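Whatever order the structure lists ligands and atoms in, that order sets their numbers, starting from 1. What you see is a predicted model, and the numbers here were worked out from it, not measured in a lab.
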Amino acid sequence: MSHKSIAVDGPSGAGKSTLAKLLAQKLGYLYVDTGAIYRTVGLRAYRAGVDPKDTAGVTALLDGLHIEMKYAPDGLQHMYLDGEDVTDAIREHVISGYASGVSAIPAVRAFLLDRQRELAREHDVIMDGRDIGTVVLPQADVKIFLTASPEDRARRRFEELVQRGQQTDYDTVLHDVIQRDEQDINRAAAPLRQAEDALLVDTTGNALEESLALLLEIIKERL
Ligand code: C5P
């Protein structure tokens with residue numbers, strides 16, 4: 001039986017993961033946060049003291065790298081690095097930059113591509129990332145490109161980090177969001193861009209419920 005897939009791409013802080021998680025619950029789909037997988041590779045580089053832009057250094061880490069993804073009973077996606085649950089560790093602010101750095105390396109993307117496709121072969125998925133509609137699942141049944149103003153996205157990220165008890169300030173987060181967008185858009189390997197057949201949804205100023213209702217409507221029309 002072939003499975004349904006929904007691709008949700010867009011820049012950081014657009015609300016992709018929060019919305020995709022809720023949509024997955026409503027639709028009974030598996031939610032796959034692909035950023036978490038890149039973050040796990042980023043964490044590995046961070047812990048090994050390898051510069052995330054050092055292509056040879058990061059590529060060498062892939063040899064023997066053991067990354068697992070498991071779903072808790074509540075549907076939460078847990079990431080394991082060499083058997084250790086790193087679900088919280090990968091959310092540290094410093095790891096965002098590492099994830100963005102390692103994700104520009106073609107060997108890293110190639111290493112993770114099949115795993116992502118395999119999940120879509122085995123389940124109905126809603127997958128969020130940067131290149132799901134363009135590279136990972138070009139045949140996805142529904143493609144959404146979710147965005148919002150940099151200020152809105154930085155505010156959301158800032159609130160998320162504060163909730164997690166991390167010390168930071170809004171201006172730093174805004175600066176990092178803009179820098180990460182630039183890196184993700186300008187890299188040669190699978191850059192962040194809207195697929196031609198993706199629907200652009202701008203959530204600037206929207207309450208979560210508004211965006212959720214809008215996306216549900218869009219998806220139901222297209223599935
Ligand atoms: O989505 P999240 O902010 O957790 O992703 C962390 C980083 O991983 C992004 O800045 C991006 O560089 C990278 N990423 C990617 N392709 C994906 C998902 C994430 O390059 N499909």
Side-chain angles (χ1 to χ4, degrees), residues 5-21 31-46 52-53 55 58 62 67 69 76-79 81 86-120 125-138 140 143-148 150 152-161 164 166 168 173-195 198 203:
S5 52
I6 302 170
V8 182
D9 290 303
S12 55
K16 295 188 303 291
S17 59
T18 311
L19 287 162
K21 212 179 289 172
Y31 165 58
V32 183
D33 172 1
T34 63
I37 316 178
Y38 286 95
R39 282 173 180 271
T40 305
V41 180
L43 179 68
R44 179 75 184 89
Y46 176 71
K53 292 192 177 153
T55 301
V58 173
L62 297 176
I67 291 181
M69 230 169 94
L76 197 74
Q77 175 183 324
H78 281 251
M79 295 305 305
L81 174 61
V86 293
T87 311
D88 286 332
I90 58 171
R91 297 292 153 196
E92 294 283 331
H93 190 50
V94 63
I95 302 305
S96 300
Y98 270 76
S100 187
V102 300
S103 71
I105 299 173
V108 171
R109 305 204 73 84
F111 180 77
L112 300 179
L113 186 63
D114 278 349
R115 291 168 185 241
Q116 297 170 74
R117 287 188 175 157
E118 198 180 303
L119 286 164
V125 292
I126 177 156
M127 206 174 262
D128 93 41
R130 304 292 188 287
D131 62 337
I132 309 305
T134 51
V135 177
V136 180
L137 304 176
K143 296 183 188 179
I144 292 161
F145 194 86
L146 206 62
T147 191
D152 240 46
R153 295 189 285 113
R155 184 183 46 74
R156 286 190 201 131
R157 266 279 186 250
F158 174 66
E159 285 167 3
E160 188 188 317
L161 289 167
R164 288 179 190 275
Q166 293 187 36
T168 184
V173 176
L174 177 62
H175 172 266
D176 290 354
V177 158
I178 292 171
Q179 199 179 34
R180 203 139 64 91
D181 287 354
E182 262 173 32
Q183 269 187 43
D184 291 350
I185 290 166
N186 294 316
R187 69 184 177 211
L192 168 65
R193 67 174 175 81
Q194 183 182 343
T203 64

* Give the numbers and elements of all ligand 1 atoms closer than 4.0 Å to a heavy atom of R39. => 2 (P), 3 (O), 4 (O), 6 (C)
* Any atoms of ligand 1 less than 4.0 Å from a non-hydrogen atom of G129? List them with their elements. =>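 By the 4.0 Å cutoff, the relevant atoms are 17 (C), 18 (C), 21 (N).
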Which heavy atom of the protein is the closest neighbour of [atom], given with residue, atom name and distance?
atom                    : answer
atom 8 (O) of ligand 1  : Y38 CB, 3.6 Å
atom 17 (C) of ligand 1 : R130 N, 3.4 Å
atom 13 (C) of ligand 1 : S103 OG, 3.6 Å
atom 19 (C) of ligand 1 : G35 CA, 3.5 Å
atom 18 (C) of ligand 1 : T34 OG1, 3.3 Å

Heteroatom distance test ([X], ligand 1): nitrogen or oxygen, under 3.5 angstrom:
X    : value
S12  : no
R157 : yes
K16  : no
D184 : yes
S96  : no

* Asked: Can you tell if the side chain of K53 reaches within under 4.5 Å of the side chain of V102, non-hydrogen atoms only?
  ->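 No, too far: nothing below the 4.5 Å cut-off.
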Inspect the contact between [Y] and [X] and indicate whether a charged nitrogen and a carboxylate oxygen are less than 4.0 angstrom apart.
X    : Y    : answer
R130 : D9   : no
R155 : D152 : yes
D33  : R91  : yes
D131 : R109 : yes
R115 : E118 : no

For ligand 1, which part of [X] has a heavy atom less than 4.0 Å away: the side chain, the backbone, both, or neither?
X    : answer
Q179 : neither
M127 : neither
R180 : side chain
R109 : side chain

* To do: Please check if atom CZ in F145 has more than 12 non-hydrogen atoms from other residues, nucleotides or ligands closer than 6.0 Å.
  => yes
Sub-3.5 Å donor-acceptor pair from the side chain of [X] to the main-chain atoms of [Y], do we have one?
X    : Y    : answer
K143 : A195 : no
R39  : A99  : no
R153 : V177 : no

